[in-house]
Amino acid sequence: MRFLFTTIPGSGHFNPLVPTARALRDRGHDVAFAASPTFAQTIEAAGFEAHPAGPAWLERLSDPVMQKIMAGEFFVDLIRMGMVEGIIRAAKATGADAIVRGSGELGGLIAGAILDLPVASAAPAAAKFYEPMIRPGVARAAAEHGLDGERVTDVDFEMLRIDRTPPSLEMPGYVAPANAINVRPEPFDGGGELPAWFDDLGERPLVYVTLGTVMNGNIPLFRLIADALADQPFDVVIALGHGIPREALGEVAGNIRVGGYMLQTRILERASAVVNHGGYNTVSAALGAGLPLYLLPMGADQPYNTERCITAGAALGVIQPQPDGPPSAAPPPFTPPEAAVIRDGTRRLLQEPAFRAAARVIAAEIAALPPAAYAAERLEQAVIERRAAELSGSGTPVSV
């Protein structure tokens with residue numbers, strides 16, 4: 001079979017798709033990706049064929065296309081910016097039998113309906129929280145393409161919905177639809193290396209600090225965290241991420257080391273606690289390693305993830321009031337806490353065993369979930385079932 005994955009051009013969207021894509025390839029299937037042409041190098045570095053779709057952009061706050069998206073309807077506007085047409089071209093070029101979209105990428109849903117190809121999605125925990133909010137916008141965009149928008153956005157339209165939510169982080173009252181499966185969130189670093197100084201760190205507790213790959217432009221927050229954790233009886237590794245020079249942070253205390261984009265899985269193996277913005281990939285990777293977190297959410301799904309982690313007893317953090325309605329791709333106004341609040345919270349994570357114990361409970365939940373290979377198997381099965389349904393004439397048209 002041939003599977004076409006579609007993704008927003010950012011590590012936070014692409015990296016979680018890679019384990020399933022690799023598992024499909026290991027089962028003998030052809031796998032390609034459709035995304036912004038600017039993201040092709042990242043896709044190819046992971047070992048996959050890249051096809052251009054949509055505008056040239058990257059998920060960074062300074063990107064002009066990102067700024068246009070931030071002023072609109074979340075990622076819905078990409079449907080109207082050539083993403084659908086690009087995915088259709090990619091599907092025809094690869095002879096795709098199915099489309100697998102990252103939950104933030106919505107053009108694959110429309111393209112699949114137009115081509116009458118089965119569509120699946122792979123989503124983080126918070127997707128089920130914000131999807132109902134953006135559904136009306138997606139339905140309108142589908143209707144603009146001559147489709148029945150209500151049908152395309154029905155929860156059962158997709159052949160499979162791949163969830164990645166450990167039970168402790170599940171949305172209260174959520175009942176999974178019949179087409180959903182829950183698999184283990186497996187980390188993928190996407191390359192990078194560790195500086196030579198990492199192996200020279202001593203035996204003291206290590207606090208890992210990251211603001212992900214979108215919010216990492218917030219240098220004042222990095223500076224605040226560095227000041228808060230300066231001269232403490234533990235070591236600190238700050239990962240600034242792509243595009244941020246080491247010099248941007250200025251001078252730091254002797255217990256702090258600073259790098260760019262680094263191998264997160266290696267750092268988590270050595271870390272004792274994590275300070276970050278509540279992005280799901282780092283949250284799930286940290287919890288998978290049994291590490292407690294101090295969280296400073298700024299927008300998107302970060303407040304939701306933070307609330308679930310705090311409720312589960314595995315984190316501390318500061319949640320600020322969020323605007324009503326769908327989460328914006330842009331962070332709302334963010335007022336950071338005092339340095340002492342971050343310092344005291346981080347100390348508690350290291351000193352009070354209850355936080356580490358709660359994180360280890362979630363780590364066990366994650367380990368008990370089926371691996372990406374199971375998602376690949378179910379995708380394969382879903383395509384076979386879809387073909388059988390088409391032969392029996394039980395398909396449902398989606399055009400108006």
Applying ring pair (Phe, Tyr, Trp, His ring centres under 6.0 Å), name anything that partners Tyr261, two or more places apart in sequence or on another chain.
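Testing Tyr261 for ring pair (Phe, Tyr, Trp, His ring centres under 6.0 Å), a comparison that skips the adjacent residues, returns His242.
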
Heavy-atom closest contact (Pro187 atom, Ala285 atom, distance):
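Looks like CB-CB, 4.4 Å.
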
Not counting sequence neighbours, list each pair that qualifies as a ring pair (Phe, Tyr, Trp, His ring centres under 6.0 Å) and has a residue in residues 184-209.
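Listed by first then second residue: nothing to list.
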
Does some side-chain heavy atom of [Y] sit less than 4.5 Å from a side-chain heavy atom of [X]?
X: Arg161; Y: Glu131; answer: yes
X: Glu49; Y: Thr94; answer: yes
X: Ile267; Y: Thr210; answer: no

Spacing of OG1 belonging to Thr213 relative to CD belonging to Glu59, to within rounding of 0.5 Å
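One gets 6.5 Å once the value is rounded to the nearest 0.5 Å.
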
Distance check, rounded to the nearest 0.5 Å: Leu169 atom CG versus Arg164 atom CZ?
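If I round to the nearest 0.5 Å, the distance is 12.5 Å.
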
Residues in side chain to side chain contact (heavy atoms under 4.5 Å, CB included) contact with Ile244, at least two apart in sequence or another chain
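Residues passing side chain to side chain contact (heavy atoms under 4.5 Å, CB included) with Ile244: Asn216, Ile219, Leu240, Ala248.
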
Under 3.5 Å, side chain of [X] to main-chain N/O of [Y], donor-acceptor pair present?
X: Ser36; Y: Trp57; value: yes
X: Asp97; Y: Met1; value: no
X: Asn281; Y: Pro16; value: no

Just jot down the side chain to side chain donor-acceptor pair (under 3.5 Å) partners of [X], sequence neighbours excluded, or say none.
X: Arg140; value: Glu73
X: Glu352; value: Arg348
X: Asn255; value: none

Given Thr6, which partner from the list Arg101, His51, Glu105, His13 fulfils the side chain to side chain donor-acceptor pair (under 3.5 Å) test?
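Among the candidates, only Glu105 passes.
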
Would you call Asp227 and Arg223 a salt bridge, taking side-chain N to carboxylate O under 4.0 Å as the test?
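Yes, charged N to carboxylate O under 4.0 Å.
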
Does Arg184 qualify as a cation-pi partner of Tyr374, given the criterion of NZ or CZ under 6.0 Å from the six-membered ring centre and within 45 degrees of its axis?
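No cation-pi geometry.
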
